[in-house]
Amino acid sequence: MQEITVDSAYLAELRKGSPKAFEELYNRYFRMVEDMVFKFNGSTEDARDVFQEALFVFVKKLRDPDFVLTSKASTFIYAIARNLYLKKAGKATVEISMDQQQFSFFAEADPVQGDLSPAEKDSMLNLMADKLGQLEEDCRAVITYSFYQGLSHAQIAELTGYTEAFVKVKKFRCLEYLRKLVKASEIFKNL
Amino acid sequence: MENNAYINRIHQYLSGKMGQAEKSDFEHEMNANEQLANDTKIEEKLLLGISLVGDDDLKKNIASADQHLSAKHFFETGRVVSLQPNRFIMKKLISIAAAAVILIGLVWWGFFRQTTPSADQLFADNFKAEKIRSVALADALTNSGLVDSMTTEDSLLVALKFYNDGKYNEAMVALDTFLVYHPANDTAQFYLAMTHLNESRYARAVELLTPITYSEVSSFKLDAMWYLGLCYFKVEGGFSKAEEIFTQLASTPESKDQQAAKGILRSIGH
């Protein structure tokens with residue numbers, strides 16, 4: 001299997017959510033995960049589901065500034081996928097046989113729940129998607145980089161071409177604008 | 001909420017990046033300051049909402065890549081777009097191929113091999129010391145007035161008698177002596193080859209038989225071909241030459257060994 005060299009250019013593409021970067025992950029690692037699912041009598045459809053979830057976790061972790069990938073990407077993705085699949089299929093006790101710290105988050109494939117019920121979560125999601133959609137593209141990007149991906153001002157400056165000082169000002173200005181938009185919403189008030 | 005430092009402090013608290021003491025101070029402050037508590041709740045919801053949208057976008061992007069690949073038949077059995085072989089299927093195919101090879105090997109060993117004799121077996125099955133002509137020749141020589149004396153010229157008869165009696169070493173000496181005086185005598189050369197053949201000296205037999213097979217006039221030509229073919233079964237690397245000779249004989253109706261040659265060819269899969 002051709003191993004992904006975790007170079008900054010590729011990681012930047014993954015962090016940005018580039019479809020081509022995801023397709024590259026599919027080309028390199030999907031068969032590996034599919035093999036694993038087959039071994040547990042799963043189907044290609046099961047493999048597709050679990051691979052999507054594994055990529056979600058993988059990319060979220062890559063976006064975490066405190067996260068350092070110490071294993072091969074293939075090892076990481078396989079471990080996530082295997083544990084997710086075993087858990088999902090109720091096959092066995094979830095196994096975490098490798099670096100505990102690297103994989104300790106695996107069960108949190110969808111950690112952003114807060115105290116919200118699924119219905120409230122949907123309401124919040126729709127509201128925020130709507131309000132973020134009302135922002136200028138550069139504003140939306142800075143908010144996402146900063147408050148979702150947790151990038152530093154320097155990293156955002158590198159991605160956007162702004163100065164760090166401007167990024168710092170812009171992120172609070174954009175957030176302020178977003179805050180005003182959502183605070184006016186009854187849905188937001190009731191959540 | 002105008003102050004970035006104020007917002008930044010709330011975010012520090014919400015992201016768990018405060019130290020224990022700082023966190024404790026902040027919580028005391030929230031208890032005493034309703035505005036700070038409300039602003040913290042708003043920021044919590046705001047950041048949660050941003051995360052939800054970010055997660056949703058990420059999932060959509062991954063799903064989009066999945067759908068795009070699906071449209072390119074990536075997930076179908078044929079795996080048109082796959083850049084890598086499926087190890088699971090490859091392993092299965094290799095296992096099946098290995099099993100097939102073993103099965104074919106067993107079939108070959110158990111059936112085909114049994115019906116395809118080895119070169120040694122082919123020689124053993126077909127070699128029989130030529131005696132019919134040698135006996136007839138000895139009779140003919142005796143009837144023509146040659147006597148059983150040990151003169152050089154008469155040694156052919158003596159040699160043939162030794163040969164017919166299975167005394168191959170004596171026959172060899174007599175034939176060698178005869179050939180000193182009659183080097184072109186194909187009868188002596190043929191039976192000298194036969195003595196070597198009967199004594200399992202196949203290479204020497206080949207040397208002696210080969211010139212006879214090229215002869216345009218020798219009456220031993222076809223017999224020499226037959227025995228030369230058998231000799232080649234016993235010579236290393238001679239199997240293909242044997243095949244070639246028996247193929248010629250099989251298409252030579254004048255050879256008394258034509259049918260036998262065909263039989264050999266059939267037995268080796270021709």
Side-chain angles (χ1 to χ4, degrees), chain A residues 1-2 16-32 34-36 38-39 44-45 47-48 51-53 55-56 59-60 63 110-114 116 121 124-125 127-129 131-133 143-144 146-150 168-169 171-172 175-176 178-179 182-183 188 191, chain B residues 1-12 14-17 38-39 41-92:
Chain A
M1 177 191 309
Q2 197 178 350
K16 277 195 288 184
S18 157
K20 280 200 177 297
F22 290 137
E23 286 189 24
E24 187 65 18
L25 287 176
Y26 268 89
N27 279 322
R28 289 169 191 254
Y29 305 129
F30 177 76
R31 301 302 175 205
M32 169 188 73
E34 190 180 37
D35 288 352
M36 178 274 294
F38 283 167
K39 281 175 191 166
T44 296
E45 289 306 307
R48 287 173 70 177
F51 194 73
Q52 286 191 46
E53 289 183 46
L55 287 197
F56 173 76
V59 175
K60 279 208 76 171
R63 287 172 172 177
D110 195 7
V112 183
Q113 294 281 349
L116 302 179
K121 185 186 152 191
M124 174 70 94
L125 176 62
L127 171 71
M128 292 301 291
K131 300 306 178 193
L132 277 166
I143 285 178
T144 303
S146 182
F147 299 108
Y148 175 63
Q149 297 188 23
K168 194 174 177 181
V169 172
K171 100 173 178 182
F172 282 107
L175 186 66
E176 173 66 19
L178 178 66
R179 190 183 296 112
V182 296
K183 276 175 77 175
F188 189 81
L191 286 172
Chain B
M1 297 272 287
E2 298 277 324
N3 190 325
N4 290 349
Y6 175 78
I7 295 297
N8 214 19
R9 188 162 170 249
I10 295 173
H11 288 181
Q12 289 277 315
L14 292 171
S15 62
K17 288 179 180 171
N38 286 338
D39 289 342
K41 275 189 179 175
I42 288 169
E43 290 309 301
E44 186 179 21
K45 284 198 282 185
L46 193 62
L47 294 180
L48 179 61
I50 291 169
S51 287
L52 284 173
V53 174
D55 283 355
D56 193 55
D57 284 347
L58 177 56
K59 285 179 179 174
K60 281 176 180 166
N61 285 342
I62 294 170
S64 170
D66 178 280
Q67 289 302 315
H68 187 237
L69 289 169
S70 180
K72 289 159 75 175
H73 311 289
F74 178 84
F75 301 107
E76 292 176 10
T77 310
R79 294 178 175 181
V80 176
V81 188
S82 174
L83 299 180
Q84 298 194 47
N86 181 320
R87 285 190 303 156
F88 182 73
I89 288 183
M90 286 301 289
K91 280 179 188 169
K92 279 200 164 182

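Just so we're on the same page: letters track the sequence lines, and every chain starts at 1. For clarity, every value in this text was computed on a predicted model and none was experimentally measured.
Contacts between F51(A) and chain B at a heavy-atom distance below 4.5 Å are absent for every atom of the residue. In this structure, chain B has heavy atoms under 4.5 Å from both the backbone and the side chain of L125(A).
Between M128(A) and L46(B) the shortest heavy-atom distance is CE-O, 3.6 Å. In terms of heavy-atom proximity, T44(A) sits nearest to F75(B) at CG2-O, 3.7 Å. Shown here for F30(A) and F74(B), the closest heavy-atom pair between the two residues is CD2-CE2, 3.6 Å. Smallest separation of non-hydrogen atoms from P19(A) and A65(B): O-CB, 4.1 Å.
Here the CD1 atom belonging to I50(B) is positioned 14.0 Å from the NZ atom belonging to K131(A), to the nearest 0.5 angstrom. Going from atom NZ of K45(B) over to atom NZ of K183(A) covers 10.5 Å, rounded to the nearest 0.5 Å. Rounded to the nearest 0.5 angstrom, F22(A) CZ and I62(B) CD1 are separated by 4.5 Å. Atoms CG and OG1, from L58(B) and T144(A) in turn, are 11.5 Å apart once rounded to the nearest 0.5 Å. Atom CZ of residue F172(A) and atom CG of residue N4(B) lie 5.0 Å apart, to the nearest 0.5 angstrom. Within the model, atoms OG of S51(B) and CE of M124(A) stand 10.0 Å from one another, a figure rounded to the nearest 0.5 Å.
Between N61(B) and V59(A) the shortest side-chain heavy-atom distance does not fall below 4.5 Å.
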(Q) Assess the residue pair R48(A) and L69(B) against the criterion (side-chain contact (heavy atoms from CB on, under 4.5 Å)); give the C-alpha distance rounded to whole Å, side-chain angles, the decisive distance to 0.1 Å, and a yes or no. (A) CA-CA 11 Å; R48(A) 287 173 70 177; L69(B) 289 169; over 6 Å; no
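In terms of heavy-atom pairs under 4.5 angstrom with chain B, the leader among L127(A), L132(A), L175(A), V169(A) is L175(A). Listed options D56(B), D66(B), N8(B) were ranked by heavy-atom pairs under 4.5 angstrom with chain A; first place goes to D66(B).
Counting heavy atoms of neighbouring residues, nucleotides and ligands inside a 6.0 Å radius, atom NE2 of H11(B) exceeds 12 of them.
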